[in-house]
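If you read the sequence from its start, that first residue is 1, and numbering goes on from there. Values reported hereafter were calculated over all heavy atoms of this structure, with side chains retained and with hydrogens, waters and symmetry mates removed. Keep in mind that what you see is a predicted model, and the values were worked out from it rather than measured.
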Amino acid sequence: MKRRLLWVAAAIPVVYYVGMVIWYAYDFPYMDDYPVVVDFLNRLPAAETVSAKTALLLEQNNFHRLVLAKLIAWLNMALTGSVDFRVMQYVGLLALLGTSWLLYRSAESSASIDKPDHYRVTTEAGASALQLPVFFLLFQFQGWNVAFWSIVAASNVTAPALALLAIYLANRRREGWAIGVAFIALFTNGNGILVLPILLLGWLFQHRWRWAMGTLLITIPALLYYFRGYQNPSGLLITQLISVEHIRHLLALDTAFLGAIAYHPAVAWLPILLGSITIIWALYLLRIRYDRLNPTLFWLLVFLHLTGLMLAVNRIQNDTSIVFASRYRNITALHMAATYLSVLDVLIRRDLRWRGIHLTNWFAGVVLAGTIGLWAISNVTYLSKIERFRELKQTDNLLWQRYGQIRACAPQYEPASRLSDLASQGVFRPRPISPASLKSRPVTVSPATTPGDSLVYGIDIRRRDEGFLVVSGWAKVAGRKANFNDTFVGVKTATGWQYYTTLFHQRLDKEDSANDKDTGFTAIIPAAQPTDSLAIFVRSGNYAAMVDL
């Protein structure tokens, strides 16, 4: 019975996460999906030689070479005749499931310790209660963007998954397979370049000179090949990082990223504190030569710490808040899960007690309570963002199919025309969408503006379409940063104003998209005319403003 309860408890976060990804996944590109996947598939037919195709695959995208994401899209197209952007999301989901399984296996070394069963990290029956926090850390939606943004799912999640797999294989005497996986990881995301060097370090620490030399002979040409023609988008020189000011800021960025899972604006210092503690813990693991006790966990932690440092270097010009972006949170969650398992392992090995109480049980219980709370709060908090992310894709699909506009991508990538090119070849076959399927709902709203606040806005579309009035544009409270505003469009009728809900979409086409990307709205109003009197009302946190059109 206890074993069944443990499996049920472990299944709760996993099943919920899988169900949410399947339910909210939507087949439409977003932002960097255009210059990476859409552009690649458009240019592929003209690449007739192997050399030309290889050049397209290896082409740099921002800081990365996202070869795996392109290969997934190419294989998807080859097998089905068209690309489905959900496939990359599902690949990311499988990578996360694989990561959780490998973490479970990586703790097996503790199971061989001569301790009672209830102190073991794993049992013969499967996941023990001590490992439950790992599931609640990995399968929660602080990293919601990782699950639903196609190239991010195919790259940001698979990079650490392949890193863990390579390290796991290396320490299971599957050296050739480990090197092969590490080479694939090189072309997933920027931090994939760390995996081959980490394998090399691992074998040097183990005095396995033959494999170390072989890995070195592969790593050097692989990295030279990777960085051939590479351009640093930040333009940052190494010499710019050696000042005291930059080093201090670099450490702040690094520690803030490592502890970002505990971020809240009210305690902005907490992630830095938590991240600093994990660095101190990693140094302690190095001191006790934890690489000899559990090399898989140890070198995974090294990979994750170096990932944080890489991100800090790339974001050195930014404030610490930049590291809290959703698309990075899977690394933070994995880092905390691996750190937890290593602490648990050390406690088990040392059999520490306080007043007769085993610290292992106390520590695991506290962490379990905290991670369940974090899981619940995160899933509730970010549900609206998950819903709106699908909504913005649906809205972009509608605007593109009917009006030739795409707004959730920077205009320099020409997203609408490039996606139309892909569709004209039959390579992209989105589900037909009509205004009726996304029509606005009438709501009761009593607009009350904040004294001194005014509304700034722009209207791009105001036309009748299939019996609906479509009003699309952007709006925000002047001087306030928009972050998923609640926007309503009112229509003046004979009996007064009737307000309607609007669809959310981003405005990455705006000149000030960094601050105003979340200002987009589209209303699809039944029984209204373009000549009707309209009003826009925006609520943004504690602020509100409106305007009559």
Side-chain angles (χ1 to χ4, degrees), residues 1-24 90 92-113 115-144 146-147 153 157-158 160-161 164-165 168 261-262 294 296-297 300-301 304 329-345 347-348 358 360-383 386:
M1 179 60 70
K2 289 182 178 179
R3 294 174 182 175
R4 289 182 181 178
L5 289 176
L6 289 175
W7 279 112
V8 169
I12 288 173
V14 178
V15 171
Y16 178 79
Y17 189 96
V18 171
M20 290 289 286
V21 171
I22 293 173
W23 180 257
Y24 283 102
Y90 298 147
L93 176 61
L94 290 174
L96 185 60
L97 290 168
T99 299
S100 65
W101 180 81
L102 286 171
L103 270 184
Y104 162 69
R105 295 298 302 271
S106 71
E108 283 184 330
S109 61
S110 297
S112 63
I113 303 170
K115 304 287 184 203
D117 282 347
H118 61 285
Y119 294 125
R120 297 182 182 177
V121 179
T122 58
T123 67
E124 294 179 359
S128 80
L130 299 183
Q131 242 189 331
L132 286 178
V134 171
F135 296 97
F136 287 99
L137 281 168
L138 294 185
F139 295 95
Q140 47 94 12
F141 279 110
Q142 281 200 46
W144 61 274
V146 174
V157 186
T158 53
L164 177 54
L165 178 58
Y168 176 84
I261 203 165
N294 194 323
T296 302
L297 272 183
L300 173 63
L301 283 171
L304 296 172
R329 298 284 185 94
N330 68 304
I331 293 290
T332 302
L334 179 57
H335 166 249
M336 296 310 300
T339 300
Y340 163 74
L341 287 176
S342 66
V343 174
L344 193 67
D345 194 4
L347 289 176
I348 291 170
H358 291 278
T360 305
N361 287 351
W362 176 85
F363 173 72
V366 170
V367 173
L368 179 59
T371 52
I372 289 175
L374 179 69
W375 177 82
I377 292 171
S378 297
N379 291 340
V380 171
T381 300
Y382 291 99
L383 177 60
I386 294 170

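For the atom pair Leu97 CG and Leu102 CG, the distance stands at 11.0 Å (nearest 0.5 Å). To the nearest 0.5 angstrom, Leu96 atom CG is 11.5 Å from Thr158 atom OG1. In this structure, Phe135 CZ and Ile12 CD1 are separated by 12.0 Å, a value rounded to the nearest 0.5 Å. Rounding to the nearest 0.5 Å places OG1 of Thr371 at 8.0 Å from CG of Leu132. To the nearest 0.5 Å, atoms CG (Leu383) and OG (Ser378) are separated by 12.0 Å. We find the CZ-CD1 distance between Phe136 and Ile372 to be 4.5 Å, quoted to the nearest 0.5 Å.
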Margin query: Let's go through Leu103 and Leu297 carefully: what are the C-alpha distance in whole Å and the side-chain angles of both, what is the deciding distance for side-chain contact (heavy atoms from CB on, under 4.5 Å) to 0.1 Å, and is it a yes or a no?
Written below: CA-CA 8 Å; Leu103 270 184; Leu297 272 183; 4.1 Å; yes

Note to self: As a quick check of understanding, evaluate side-chain contact (heavy atoms from CB on, under 4.5 Å) for Leu374 and Leu137, giving each step before the final call.
What the structure shows: CA-CA 8 Å; Leu374 179 69; Leu137 281 168; 4.2 Å; yes

Next item on the list: Test Val134 against Tyr340 for side-chain contact (heavy atoms from CB on, under 4.5 Å), laying out the working first.
Entry: CA-CA 8 Å; Val134 171; Tyr340 163 74; 4.2 Å; yes

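Between Leu164 and Thr99 the shortest heavy-atom distance is CD2-O, 3.7 Å. When all heavy atoms of Val157 and Ala95 are compared, the closest pair comes out as CG1-CB, 3.9 Å. For the residue pair Asn379 and Gln140, the shortest heavy atom distance occurs at OD1-CA, 3.7 Å. In terms of heavy-atom proximity, Val21 sits nearest to Ala147 at CG2-CB, 3.9 Å.
Residues Gln131 and Leu344 form no side-chain contact, since every pair of their non-hydrogen atoms from C-beta on lies 4.5 Å or further apart. For the pair Leu300/Ser106, no side-chain contact is recorded, criterion being any heavy-atom separation below 4.5 Å from C-beta on. Looking only at side-chain heavy atoms (C-beta outward), Ser100 and Val14 stay at 4.5 Å or farther from each other. Annotation: side chain of Ile331 is in contact with side chain of Pro160 (closest heavy-atom distance under 4.5 Å).
A donor-acceptor distance shorter than 3.5 angstrom exists from the side chain of Gln142 to the backbone of Ile261, with no hydrogens or angles considered.
Using a 30° and 60° split on the angle between ring planes, Trp375 and Tyr16 fall in the perpendicular class, above 60°.
Residues Phe139 and Tyr17 place their aromatic rings such that the two centres sit under 6.0 Å apart.
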